[in-house]
Amino acid sequence: EAMGEAFGMHAQLLRVLREAGVPDEYDVLICDPPATEGPHLYNAIHATRSLVVPVEPTGKGMQSVEGLEDVVLNLGDSLEIDIGVLAVVPNGIGSTSDQAKYLERIRDLGFDAPVAIAERSSLFEGCWDQQYPASHYVKQVRSAYSYEEETLAQLRELAAHIEEGA
């Protein structure tokens, strides 16, 4: 028990973060758990209480957005907490007109969708492989690709949106 609160198995990450003083030191904490149901996902949601949901620009991806409200309510009920959706972010989109279409559709469903990220798998895989933040990776490795500056601007916009909602 910590701070008068009992910690269940899905609250272990929250317990560790509180014991380490992380909420006192940082305004925003981003966890990137596996999307599959299980203790990692439940601990991340319990610790953050908010979701940023990446969505593939496919029929199946959009169908998942349409059912997102129910998923969030069910997760909140089972974890006995309130969960919010800070943003839904379509990513891996081909054309600019498709980006606009997906953003509009997500917003029509009542979710915040600050940006739609184009197909940038080589950038994101490179960041993962090198363990660099995107801004560093673009400057060091992909500076010849001017369109990556647009991607960085979108990531900064998404970060500001998350910080504002946190």
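Values below: all heavy atoms of this structure, side chains included; hydrogens, waters and symmetry mates excluded. All values derive from a computational prediction rather than experimental measurement.
Of all heavy-atom pairs spanning L103 and A113, the tightest one is CD2-O, 3.4 Å. Pairing each heavy atom of A134 with each of C127, the nearest pair is CA-SG, 3.6 Å. Closest approach of I93 to P90, counting heavy atoms only: CD1-CB, 3.5 Å. Considering every non-hydrogen atom in both G92 and P57, the closest pair reads O-CG, 3.5 Å. The minimum heavy-atom distance between H161 and A87, with the atom names listed, is CD2-CB, 3.9 Å. Heavy atoms only, all atoms of each residue included: P34 and H40 are closest at CD-CB, 3.8 Å.
When hydrophobic clusters are built by joining Ile, Leu, Val, Met, Phe, Trp and Tyr residues whose side-chain heavy atoms come closer than 4.5 Å, directly or via intermediates, V72 is not grouped with L86. With hydrophobic clusters built from ILVMFWY side chains whose heavy atoms lie under 4.5 angstrom apart, V138 shares a cluster with Y132. I30 and V89 fall within the same hydrophobic cluster, where Ile, Leu, Val, Met, Phe, Trp and Tyr residues are linked whenever their side-chain heavy atoms come under 4.5 Å apart, directly or through other members. The hydrophobic clustering, which links ILVMFWY residues whose side-chain heavy atoms are closer than 4.5 Å, places V53 and L41 together. V52 and V65 are not part of a single hydrophobic cluster, where members link through side-chain heavy atoms under 4.5 Å apart.
In the model, E148 has no side-chain atom that pairs as donor or acceptor with a side-chain atom of Y137 under 3.5 Å. Between the side chains of E119 and S121, a donor-acceptor pair is found at a separation under 3.5 Å.
For the pair T151 and F124, the minimum side-chain heavy-atom distance is below 4.5 Å. Here the side chains of D112 and R107 are not in contact, with every heavy-atom distance at 4.5 Å or above.
No donor-acceptor distance shorter than 3.5 angstrom exists from the side chain of E80 to the backbone of G76, with no hydrogens or angles considered. Put simply, the side chain of N43 gets close to the backbone of L13: a donor and an acceptor are under 3.5 Å apart. Put simply, the side chain of R18 never gets that close to the backbone of P23: no donor and acceptor are under 3.5 Å apart.
Salt bridge annotation for E56-K60: absent, with no cationic side-chain nitrogen under 4.0 angstrom from a carboxylate oxygen. Electrostatic pairing of R105 and E66 counts as a salt bridge here, judged by a charged N lying under 4.0 Å from a carboxylate O.
Atom-to-atom distance recorded for L68:CG and Q63:CD is 13.0 Å, nearest 0.5 angstrom. Separation of atoms CD (E149) and CD (Q154) is listed at 12.0 Å; rounding is to 0.5 Å.
The environment of D32 atom CG is sparse: at most 12 non-hydrogen atoms of other residues, nucleotides or ligands sit within 6.0 angstrom. Annotation: D129, atom CG; neighbour count of heavy atoms from other residues, nucleotides and ligands within 6.0 Å is above 12. A 6.0 Å sphere centred on CD of E37 holds no more than 12 heavy atoms belonging to other residues, nucleotides or ligands.
Remark: V22 pairs with L17, A20, Y26 by the side chain to side chain contact (heavy atoms under 4.5 Å, CB included) rule, at least two apart or across chains. I81 meets the side chain to side chain contact (heavy atoms under 4.5 Å, CB included) test with I45, H46, R49, L79, I83; sequence neighbours excluded.
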Exercise for the section: Go through the steps to decide whether I117 and L155 satisfy the test side chain to side chain contact (heavy atoms under 4.5 Å, CB included), and finish with yes or no. Expected result: CA-CA 8 Å; I117 309 287; L155 293 174; 4.2 Å; yes

Problem - Trace of the side chain to side chain contact (heavy atoms under 4.5 Å, CB included) decision for Y42 with L75 - result: CA-CA 8 Å; Y42 298 144; L75 274 171; 3.4 Å; yes

